[in-house]
Amino acid sequence: MNNKIIDTPTNFIRNIIEKNIEAKLYENKKWAGTPGPKKNHTNANEDFAKIRTRFPPEPNGYLHFGHAKSIILNFGLANDYEGRCHLRFDDTNPEKENEEYAKSIIESVLWLGYKFQDEVEDNLYYASDYFDYMYQAALVLIQADLAYVDKQTPEEIRINRGTLTEPGKDSPYRNQSVDENLTLFSAMKDGKFKDGDMVLRAKINMASPNINLRDPAIYRIRHAEHHKTGKQWCIYPMYTFAHPIEDALEKITHSICTLEFEDQRPFYEWVLKKLAENDFLDKPLPKQHEFSRLNLTNIVLSKRKLIQLVEENHVDGWDDPRMPTLVGAKRRGYSPNSFKLFMNRIGVSKTDSLIDYGTFEDSVREVLNDECDRRIAVLNPVKLLIENFPDDHIELCEVPNHPQYPERGKRIVNLTKELWIENEDFQINPEPKFFRLFPGNTVRLRYGFAIECTGYETDDSGNVVLVKCNYLPDTKSGTPGSDAIKVKGNIHWLSTKHSINVEVRNYDRLFNSENPNLFDNFLDDINVNSVSKSDVICEESIKNSSPGHQFQFERHGYYIVDPISKANKIVFNRTVTLRDTWNK
RNA sequence: AGGGGAGUCGCCAAGCUGGUUAAGGCACAGGGUUUUGAUCCCUGCAUGCGAAGGUUCGAAUCCUUCCUCCCCUGCCA
């Protein structure tokens, strides 16, 4: 089990890294201990980290399952190849980002079990900490006549960019002098212009078949307050310009992103190459590699749609256990190891894929089977009366916490004359192959006695309200006589006098169809029955559990104590049911 | 239509500098163990690698043509 979580199968990125290491690409890689341009690193020692990767979220939302894939990939690579993985906030757009998101992101990465700060170094970074460097990098490009300030309106820029099949047209400002560009860019920085008045553009090729190379904008004017730098800046670098620089300053070796950035790679390389040629950055330069993003059935993972679900109250907040966010997963009981096992199972490639949600749930079951102690709960109770049982007798039954791990200990559950059993465990007229309770049949009360069903009572509408039985005195579990009688059925039970009520919340898929994104409006596909609440009977030992405690309710599934639980009312979220092949 | 990617079993995914019978996982089917119809353990599961040609003693791996799907025309990331 552990090995399945730790041992990651090979993939194309690991192959690249191994080839790079073998080619001694990073033998003389310098690292000053903190990020910086070439002058900071040249006299530093060789980097002790064999490779460096990074997870670079924008702090404008909560992390979701897709991010988990990236986190596990990047941190996993660093761990496996004696490297380091940086957590870097890509906060280059002041209008969308804030500290609350950043805080939650940090918590989620830690929750998954990854560290970016230790006694050796602190690798928590903000792109906004590099704004000075980025400004310098822009100046380097302008001075090399590789960037210019464009006074065209956004509309003009759009029109002159051309189309997918037609080349663009050069801006009338494209051949401004270096001095003019320097003056203008400086004025931009000093707040002399309004948002959108002008923009700094890289000078590459307006006729490139790759639209991303048609003089992309690299700096824009935004008179906005930044969550980290306040009002210090009114110009901000674009992602496409900032990202390669961030990577290079941090001496990242492998910059791993999703497929939609493939077209961007030539520009990523252009920026690095030009800045290295002009002595701003040192080698080895980072290399970008792209993998396909995670797609799962019956959920949505686009940030826009997740925001909509929350803001329009289709769910109860970002951490609603139905949400495919990491904060939601935590409440739902999807443990970090579940994610790791799942990611190892699906692998990393460049193929577009759509993975069945059931595959994820299977990984959850496999991990939770090991991680969770067992408890007893009767979800849908009906009374069972043991007619030949002494009225006030309490039989103490030893119950193991985990059938495969005796070292996890045992607990005592009280057996009495009147019990709760599962409604589904009794049938008046048993269907074929049903081997639980029915009149005349013998089953075992799990960890207790074998019983024989002697009859039942119904109410006026024919519902069974009481099942009657006799117990077989010499059959108690763990005693020599217990094996004397063989039964096929094994049902769980709880004493009506020694049990407590708890609330259980059952969750189902948030969307009805495999791919809600195919709907004109994905909300039309929402599953209106994705949550149901019920009161259930639980064994007494559960009352000392606190939020985050997770159990398997035997024969049912995995459940986790929710933070909204009160002392007198514990609330459980159902993580996932057990596999059930009975109905197949 | 221009550019960039991808197509190997129901779902993933190795292999792809050509050379044993095309790894592995999940799912599925059958059998065994089991005081959870759970877990666990066995066994089975692509003469086939998007299609058609070609090169070769030999091709999923090389060449040609074709087909399908995804991404790109933000002063978002």
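Order of the sequence lines sets the chain letters (A, B, ...), proteins ahead of strands, with each chain counted from 1. Just so it is clear, the structure is predicted and the values come from calculations on it, not from any experiment.
Here the P atom of nucleotide rG37(B) and the CG atom of Leu437(A) are 13 Å apart, to the nearest Å.
When both distances must be under 3.5 Å, the Watson-Crick or G-U wobble mate of rC57(B) is rG19(B). The partner of rG24(B) is rC12(B), judged by Watson-Crick or G-U wobble contacts that both fall below 3.5 Å. Summarising the base pairing, rG7(B) is matched to rC67(B) through a Watson-Crick or G-U wobble pair whose two defining distances lie under 3.5 Å.
Between Asn11(A) and Asn369(A), the residue anchored closer to the 5' end of RNA chain B is Asn11(A), taking for each the nucleotide with the nearest heavy atom. Nearer the 5' end of RNA chain B, as judged by each residue's closest nucleotide, is the contact made by Phe12(A), out of Phe12(A) and Asp352(A).
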**Asked** For every nucleotide of nucleotides 71-77 of chain B, 5' to 3': is a protein heavy atom under 4.0 Å from its base (B), only from its sugar-phosphate (S), or from neither (-)?
**Response** BBBSBSB
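Phe267(A) comes within 4.0 angstrom of nothing in the nucleic acid, heavy atoms only. Within the 4.0 angstrom heavy-atom criterion, no nucleotide atom of any strand lies near Asn295(A). Across all strands, Leu578(A) comes closer than 4.0 Å to base atoms (heavy-atom distances). Residue Gly478(A) is classed as a base contact, given a heavy-atom separation below 4.0 Å to a base. Nucleic acid contact class of Glu262(A) (heavy atoms, under 4.0 Å, all strands): sugar-phosphate only. Nucleic acid contact for Pro266(A): none, since no nucleic acid atom lies under 4.0 Å from a heavy atom of the residue. If you check every strand for non-hydrogen atoms under 4.0 Å, Gln552(A) touches a base. Residue Val348(A) is in sugar-phosphate contact alone, with no base atom involved, counting any heavy-atom pair closer than 4.0 Å across all strands shown.
With sequence neighbours left out, the side-chain contact (heavy atoms from CB on, under 4.5 Å) criterion links Glu407(A) to Tyr405(A).
Contact annotation: side chain of Arg436(A) to base of rG37(B), donor-acceptor pair present below 3.5 Å.
In this structure the side chain of Tyr148(A) never reaches within 4.5 angstrom of the side chain of Leu200(A), judged on heavy atoms. Contact check for Lys4(A) versus Glu366(A): side-chain heavy atoms found under the 4.5 Å cut-off. No side-chain heavy atom of Ser495(A) sits under 4.5 Å from any side-chain heavy atom of Trp420(A).
The ring of Phe131(A) has its center closer than 6.0 angstrom to the ring center of His226(A).
From Asp195(A), atom CG reaches atom CD1 of Ile221(A) across 7.0 Å, with rounding to the nearest 0.5 Å.
Shown here, rG74(B) is classed syn by the O4'-C1'-N9-C4 or O4'-C1'-N1-C2 angle, which is within 90° of 0.
Nucleotides rU61(B) and rU55(B), compared at atom P, are 15 Å apart to the nearest Å.
Judged by distance alone, the side chains of Gln152(A) and Asn160(A) do bring a donor and an acceptor atom under 3.5 Å apart.
At the phosphate of rA14(B), neither OP1 nor OP2 sits under 4.0 Å from any side-chain N or O atom of Arg14(A).
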